[in-house]
Amino acid sequence: MKNKNKQTYKNENLVFLDEERFNSDLLSVTYLINKKDTCISALKTYMDLIIKSSLIYNSERKLSLKLAKDLYGATLTYNLRQTDFDYVLTVRIKSLQNRYCKGFRNVQLEAARMINNLLSNGYNGNSEAFKQVIKDNVEDIRRYEQTDKFILERALHLNFLPNLSYGNYKYGTTDEFLSLKEIDMTNVKQAIKNAQVLVDYIGDCNANCLVYIHDTYKPTPLIQALRSGDFVVKDDVFLKTSENVSSNIYSCIFTIDSFSTTKLTLIGEFIERLLNLVLNKNLPTQYLLPKRFSLKTLYKGNLIIYESYIEDKSEIDNIDKKVKSVILNLKDYLTQDVFEIVKNELKIHYLKKFDDIYLFDDYIVRGKLLNISTDLTKTIETLDEITIDDIRKRTNLIKIVGSIYLEK
């Protein structure tokens with residue numbers, strides 16, 4: 001569980017973790033892109049294009065061969081999320097450490113160059129590739145719009161969160177994609193260039209690679225912690241409607257106050273798991289797990305959405321009353337035994353991050369963006385310090401926003 005955090009450069013969003021035990025290196029570059037500079041659909045299109053038809057590699061096949069053969073099976077991925085004022089783009093490349101490669105090539109350095117080369121050069125201007133990416137994204141959205149998940153989230157946004165700065169389309173609507181022009185890709189390229197940058201490097205931190213990363217990606221001064229959304233908790237209402245869903249779905253929305261520190265973040269995650277355990281024992285329904293802590297659910301007040309399938313619709317009123325009763329009286333279900341069970345479950349969740357380089361990176365990036373701990377050992381120590389009274393006090397701050405029932 002040794003975690004050597006080499007903070008080589010001060011006051012910058014640059015984290016080097018010397019962790020040779022993974023046998024791989026992971027470079028993670030996160031761009032905070034101002035929404036005024038581009039739109040989410042253009043950004044998604046640009047990222048798809050540099051994978052499928054980049055100026056550097058010309059085709060997805062050539063890029064795949066470069067990763068598979070020249071870089072010994074390296075993997076390149078990206079993730080795109082929204083907050084109130086920024087898009088959060090994280091691009092990651094995992095490669096084998098030099099000591100496992102033949103010859104004297106610096107594979108780690110070659111891999112580190114790839115993200116910057118792809119994003120700064122952009123796509124190769126292939127109009128057919130541009131049209132195909134637009135078509136693929138539109139088809140994905142249309143399929144997604146038919147899912148129960150989308151229908152429920154749309155109902156939640158319309159009825160409870162109408163003033164959020166973004167809705168439940170992760171990458172934009174079909175109309176937004178169809179309105180894009182190739183010239184928009186130039187704007188995206190410049191928006192990425194103007195972005196604030198957070199760099200996280202896990203692995204064998206050789207000097208040449210680190211100097212290149214620092215000088216090329218130019219991590220910016222520490223950013224303000226990200227928060228998303230704003231809403232007003234009104235009188236609790238229970239809405240019922242018929243929708244084109246495959247199963248009857250019930251959802252309850254509630255808030256548990258701020259995740260402003262590492263300790264409060266852990267308490268919030270504890271409460272999510274506690275509710276899952278208690279509701280599973282006390283309600284005769286088939287459950288969809290509550291949404292886990294993520295940038296998408298970082299609402300001011302910290303919204304949590306509980307979801308479940310309902311098998312017997314005649315019980316819906318009783319289920320609604322029971323769910324709200326459990327949530328508002330959660331501390332009554334918190335015995336010492338239950339406290340230890342949930343605490344151990346949460347601890348295992350964090351311990352697993354030591355053994356997975358991607359989970360380790362997710363933890364660090366989240367910590368930097370939210371201005372909470374990026375030291376996994378200290379986070380687990382903080383978890384060990386949390387008492388049953390700490391949990392009980394925070395449950396008193398839970399407020400019900402409302403609930404909804406979608407009948408098929």
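- For the pair N329 (side chain) and S325 (backbone), a donor-acceptor distance under 3.5 Å is present.
- A distance-only check finds a donor-acceptor pair linking the side chain of Y363 to the backbone of S373 [under 3.5 Å].
- Between the side chain of K69 and the main chain of S64, no donor-acceptor pair closer than 3.5 Å is present.
- Looking only at distances, a side-chain donor or acceptor of D25 sits under 3.5 Å from a matching main-chain atom of D204.
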List the steps, then state whether side-chain contact (heavy atoms from CB on, under 4.5 Å) holds for V342 with I391. CA-CA 11 Å; V342 178; I391 304 298; over 6 Å; no
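- Between Q190 and the choices N187, N194, T186, the side chain to side chain donor-acceptor pair (under 3.5 Å) rule is met once, by N194.
- Expressed to the nearest 0.5 Å, how far CD1 of I404 lies from CG of N159 amounts to 4.5 Å.
- Contact check for D317 versus F238: side-chain heavy atoms found under the 4.5 Å cut-off.
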| K44 and Y78: side-chain contact (heavy atoms from CB on, under 4.5 Å), yes or no, with the steps? | CA-CA 10 Å; K44 176 64 163 58; Y78 80 87; 3.2 Å; yes
| task | Check step by step if side-chain contact (heavy atoms from CB on, under 4.5 Å) holds for Y123 and K52. | result | CA-CA 8 Å; Y123 94 110; K52 297 178 181 297; over 6 Å; no
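- In summary, R92 and D361 engage in a salt bridge, as defined by a charged side-chain N under 4.0 Å from a carboxylate O.
- Here the side chains of I400 and I327 are in contact, with some heavy-atom distance below 4.5 Å.
- Taking CG from L351 and CG from L359, the interatomic distance works out to 12.0 Å, rounded to the nearest 0.5 Å.
- Cation-pi geometry between R113 and Y212 is met: under 6.0 angstrom from the ring centre, within 45 degrees of the axis.
- Counting heavy atoms from C-beta on, the side chains of Y201 and L14 never come closer than 4.5 Å.
- Taking the centre of each ring, F150 and Y169 come in below the 6.0 Å mark.
- Side-chain rings of Y250 and Y405 stay apart, their centers remaining 6.0 Å or farther from each other.
- Side-chain atoms of L76 and L118, non-hydrogen and from C-beta on, do get closer than 4.5 Å to each other.
- A donor atom on one side chain and an acceptor atom on the other are found under 3.5 Å apart for N79 and R81.
- Using a 4.0 Å cut-off between charged side-chain N and carboxylate O, D320 and K324 make a salt bridge.
- Annotation: the span from C39 atom SG to L180 atom CG amounts to 5.5 Å, rounded to 0.5 Å.
- Checked by atom type and distance alone, the side chain of S54 never pairs as donor or acceptor with a backbone atom of I51 at under 3.5 Å.
- If you check the side chains of D86 and N34, you find no donor sitting under 3.5 Å from an acceptor.
- Although no hydrogens or angles enter the test, the distance criterion places a donor-acceptor pair under 3.5 Å between the side chain of D375 and the main chain of T377.
- Side chains of Q132 and D136: a donor on one and an acceptor on the other come within 3.5 Å.
- Under 3.5 Å, the side chains of S53 and N124 contain a donor-acceptor pair of N or O atoms.
- When all heavy atoms of T45 and V133 are compared, the closest pair comes out as CG2-CG1, 3.8 Å.
- Distance check, rounded to the nearest 0.5 Å: CG of L152 to OG1 of T147 gives 9.5 Å.
- For CG of N344, the number of neighbouring non-hydrogen atoms (other residues, nucleotides, ligands) closer than 6.0 Å is greater than 12.
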K66 vs M114, side-chain contact (heavy atoms from CB on, under 4.5 Å): CA-CA, chis, key distance, verdict
CA-CA 10 Å; K66 173 69 176 179; M114 181 171 280; 3.5 Å; yes
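- Looking at every heavy atom in both residues, L119 comes nearest to K189 through O-CG, 4.2 Å.
- Using modelled atom types, one side-chain atom of Q97 and one backbone atom of S24 make a donor-acceptor pair closer than 3.5 Å.
- At a cut-off of 3.5 Å, with distance as the only test, a side-chain donor of S127 or E182 sits close to an acceptor on the other residue.
- Here the side chains of V138 and L178 are in contact, with some heavy-atom distance below 4.5 Å.
- A distance of 3.5 Å separates CD of E153 from NZ of K149, quoted to the nearest 0.5 Å.
- Taking the six-membered ring for Trp and the full ring otherwise, the centers of Y31 and Y87 sit at least 6.0 Å from each other.
- Here K321 does not pair with E315 in a salt bridge; the nearest charged N to carboxylate O distance is not below 4.0 Å.
- Between the side chain of N280 and the backbone N or O of N276 there is no donor-acceptor pair closer than 3.5 Å.
- Nearest heavy-atom pair, D37 versus A191, reported as atom, atom and distance to 0.1 Å: CB-CB, 3.6 Å.
- The cationic atom of K347 (NZ for Lys, CZ for Arg) does not lie both less than 6.0 Å from the six-membered ring centre of Y350 and within 45° of the ring axis.
- Between I386 and D384, the closest side-chain pair of non-hydrogen atoms is not below 4.5 Å.
- A salt bridge links D140 with R143: the distance from a Lys NZ or Arg NE/NH1/NH2 to an Asp or Glu carboxylate oxygen falls below 4.0 Å.
- Not a single donor-acceptor pair under 3.5 Å links the side chain of Y171 to the backbone N or O of A42.
- Here the straight-line distance linking atom OG of S403 with atom NZ of K240 works out to 9.5 Å at 0.5 Å rounding.
- Shown here for V245 and E407, the closest heavy-atom pair between the two residues is CG2-C, 4.1 Å.
- When all heavy atoms are compared, the tightest approach of L266 to L383 is CD1-N, 3.7 Å.
- Ion pairing of E269 with K263 is absent here, as no side-chain N (NZ or NE/NH1/NH2) approaches a carboxylate O to less than 4.0 Å.
- By the 4.5 Å heavy-atom criterion applied to side chains, I50 and M47 are counted as neighbours.
- Under a cutoff of 6.0 Å and an axis angle of 45°, K62 and Y57 do not form a cation-pi pair.
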I would like to know whether K131 and E128 meet salt bridge (charged side-chain N to carboxylate O under 4.0 Å, His left out); could you show each step before the answer? CA-CA 5 Å; K131 292 176 184 177; E128 291 305 314; 3.8 Å; yes
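- With hydrogens and angles left out, the side-chain atoms of D312 and S314 include a donor and acceptor closer than 3.5 Å.
- Side-chain atoms of L27 and V199, non-hydrogen and from C-beta on, do get closer than 4.5 Å to each other.
- Looking only at distances, no side-chain donor or acceptor of N248 sits under 3.5 Å from a matching main-chain atom of K313.
- When all heavy atoms of N117 and I56 are compared, the pair lying nearest together is O-CG1, 3.8 Å.
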task = Test K181 against D184 for salt bridge (charged side-chain N to carboxylate O under 4.0 Å, His left out), laying out the working first.
result = CA-CA 5 Å; K181 308 296 181 185; D184 294 321; over 6 Å; no
